[in-house]
Amino acid sequence: MSKEIVVSGIRSTGNLHLGNYFGAMHNYVRMQDEFNCYFFVADYHSLTTHPDPKDLRANVYRVVAENVASGLNPDKVALYAQSDVPEIPELYLMLNMLAYKGELEKVPTFKDKVRTQPDNVNAGLLTYPVLMAADILIHRGVKVPVGKDQEQHVEMARNFANRFNSRYGEFFPEPHAFNYNDKLVKVPSLDGAGKMSKSENVNSTLYLADDDDSIRKKVMKAKTDAGPTEHNSEMPDYIQNIFQLMHLVSNPAIVDTYRSAYNNCTIRYGDMKKQLAEDMVTFIRPIREQALDLQNNAEKIQRILKEGAEKARESASATIAEARRLIGIHYY
Ligand code: ADP
Ligand code: TRP
C-alpha cells in the first residue's frame, strides 16, 4: 500500500518557538518515518505583511535550519520553499474561483488582521486560506500536522477540495488536521494571555534561538500567585499553563510531584519555575546550537532546498496536469 501523504508549512516570519515545535515540528519528526511527507517554508504567506526583501533569505534559511536541528531529515522528506513550486500559485488561482468573498471575510484570523493592521487589509490576506488549501492539495495531502490555531484553515481546505470534486469530478482526498494524541496542541504564552507566537508577546514566548539566560529570565517572570489555600482547588489558567509547559519538557515524575504539592497546598512556585527553566534550557540548547551552525552553512541549506523543490515539483506537476485536464484546460 502506498504511504499516506502529509503536508505542512511554517511561515518565514521570525524565530521559531516552542509553539511551532510542539504544535507542528514534533509531529513532523515522528511522521517522517511513517508517511510520505512534504514540509515547506511558507515564504509566499509571509508576504502579506510586506517584509523587507533583504530579510527574506535569512528568514527562509532560519526556518530550514531550525527544522533540521529539531530532527527533520531532508533525505526522508521533501523540505522546500513554497516559492520554488510554481504549481502552488497555479492551483491557488484555480481554487480562488471556488472560494467566496463572504466565507473568507468570516475567517477569525482574517477578522483579527483587519482589527490589528487596518492599513494593510490586502487581497492576499483575504485569500490566505485558499493559498494554504493549494499548499495541501497540490500533493493531494490527507494528514496536516498543525497546531490548534490552524484547525479552521484545514477545514476550509477540505471544503475547497470537496467543491472542486463536485464540480469537476472526484480528485482531491479530504485533508484533516493531525496530531498524534488526537487533540491539537496550543502552547500558551508565559504571561497567560494567548498563545506563543513569532512576533507577538516576545517576552513571554520561548524561541528555539533563545540563549540560556533569556530562557531562565522569561520562565522566572511567568505569572503566578501566592498559591492555593484549599486542598484540591481548581487551578487558575496561568498556573495550568506552567504545568502544561512543564509537561512538555520535564520528567513526568517531577510534574507529578508538583501536582501533588499543588493539591496539598505546599507548592512553591519559585522552585517550580526554577525547575522548569532548567528543563527548558536543557531542551532548547542543543536545537539552538545545531540551528546556528546550519544557518551559517549556506551551501548545505541551498542543497536541501534544491533537492526538496525537485521532489515537491514532481508531485505538484502531476496534480496540476490532472487539475487542468479536469477543468477543461487542454487545447492541443
Ligand atoms: P506563528 O503563529 O508563530 O507565526 P506559524 O503561523 O508559521 O507560526 O505556524 C506554524 C505552525 O506552528 C502551525 O502548524 C501552527 O499551528 C503552529 N503553532 C504556532 N503557534 C503555536 C502555539 N502557540 N501552539 C501550538 N502550535 C502553534
Ligand atoms: N497558515 C499556516 C500558519 O499560519 C502555515 C501554513 C501555510 C500551512 N500553508 C500551510 C500549514 C499548509 C499547513 C499546511 O501557521
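Hydrogens, waters and symmetry mates are skipped; everything else that's a heavy atom, side chains included, is used. Start at 1 and go down the list; that is how both ligands and their atoms are numbered.
Of the polar atoms of Gly19, at least one N or O is found under 3.5 Å from an N or O of ligand 1, judged by distance alone. Considering both main-chain and side-chain atoms, Ile10 never comes within under 3.5 Å of ligand 1 through any nitrogen or oxygen pair. Close N/O approach between Ser8 and ligand 1 is not found [any backbone or side-chain N/O within under 3.5 Å]. The N/O atoms of Gly147, backbone and side chain alike, include one that comes under 3.5 Å of an N/O atom in ligand 1. The N/O atoms of Ala24, backbone and side chain alike, include none that comes under 3.5 Å of an N/O atom in ligand 1.
With sequence neighbours excluded, no residue forms a side chain to side chain donor-acceptor pair (under 3.5 Å) with Asp293. Listed by chain and number, the residues in a salt bridge (charged side-chain N to carboxylate O under 4.0 Å, His left out) with Asp191 amount to none (sequence neighbours excluded). In terms of the side chain to side chain contact (heavy atoms under 4.5 Å, CB included) criterion, residue partners of Lys195 (sequence neighbours excluded) are, by chain and number, Asp149, Lys186, Ser197.
Atom NE2 of His247 has 12 or fewer heavy atoms from other residues, nucleotides or ligands within 6.0 Å. Heavy-atom contacts from other residues, nucleotides or ligands closer than 6.0 Å to NZ of Lys300 number 12 or fewer. The number of heavy atoms from other shown groups lying within 6.0 Å of CD (Glu314) does not exceed 12.
Between Phe171 and Phe164, the ring planes lie tilted relative to each other; the angle falls in the 30° to 60° range. Between Tyr180 and Phe178, the angle of the ring planes goes over 60°, which puts this pair in the perpendicular group of the 30/60° scheme. Using a 30° and 60° split on the angle between ring planes, Tyr262 and Phe243 fall in the perpendicular class, above 60°.
Closest to atom 7 (O) of ligand 1 among all protein heavy atoms lies Lys198 NZ, 2.7 Å. In terms of protein heavy atoms, atom 20 (N) of ligand 1 is closest to Lys195 NZ, 2.9 Å. The nearest heavy-atom contact from the protein to atom 9 (O) of ligand 1 is Asn20 ND2, 3.5 Å. Nearest protein heavy-atom neighbour of atom 4 (O) of ligand 1: Arg11 NH2, 2.8 Å. Atom 13 (C) of ligand 1 has its closest protein heavy atom at Gln150 CG, 4.0 Å. For atom 3 (O) of ligand 1, the closest non-hydrogen atom on the protein side is His17 NE2, 2.6 Å. Among all non-hydrogen protein atoms, the one lying nearest atom 24 (N) of ligand 1 is Val187 N, 2.7 Å.
Geometrically, Lys223 engages Tyr238 in a cation-pi contact, judged by NZ or CZ lying under 6.0 Å from the ring centre and within 45° of the ring axis.
Side-chain contact, Ser315 with His139: a donor N or O sits under 3.5 Å from an acceptor N or O. With 3.5 Å as the limit, one finds a donor-acceptor pair spanning the side chains of Asp211 and Ser214.
The distance from ligand 1 to the heavy atoms of Lys186 drops below 4.0 Å at these ligand atoms: 24 (N), 25 (C).
Across Val185, Asp149, Val146, Asn201, heavy-atom proximity to atom 15 (C) of ligand 1 is greatest for Asp149.
Shortest non-hydrogen contact noted between Glu66 and Asn15 is OE1-C, 4.1 Å.
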Could you list each N/O atom of ligand 2 together with any protein N/O atom closer than 3.5 Å, one pair per line with the distance?
residue: ligand 2; atom: 1 (N); partner: Tyr128; partner atom: OH; Å: 2.8
residue: ligand 2; atom: 1 (N); partner: Gln150; partner atom: OE1; Å: 3.1
residue: ligand 2; atom: 4 (O); partner: Arg11; partner atom: NE; Å: 3.4
residue: ligand 2; atom: 4 (O); partner: Tyr128; partner atom: OH; Å: 2.6
residue: ligand 2; atom: 4 (O); partner: Gln150; partner atom: NE2; Å: 3.3
residue: ligand 2; atom: 9 (N); partner: Asp135; partner atom: OD2; Å: 2.6
residue: ligand 2; atom: 15 (O); partner: Gln150; partner atom: NE2; Å: 3.1

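Ligand 1 is never approached by His45 to a heavy-atom distance shorter than 4.0 Å.
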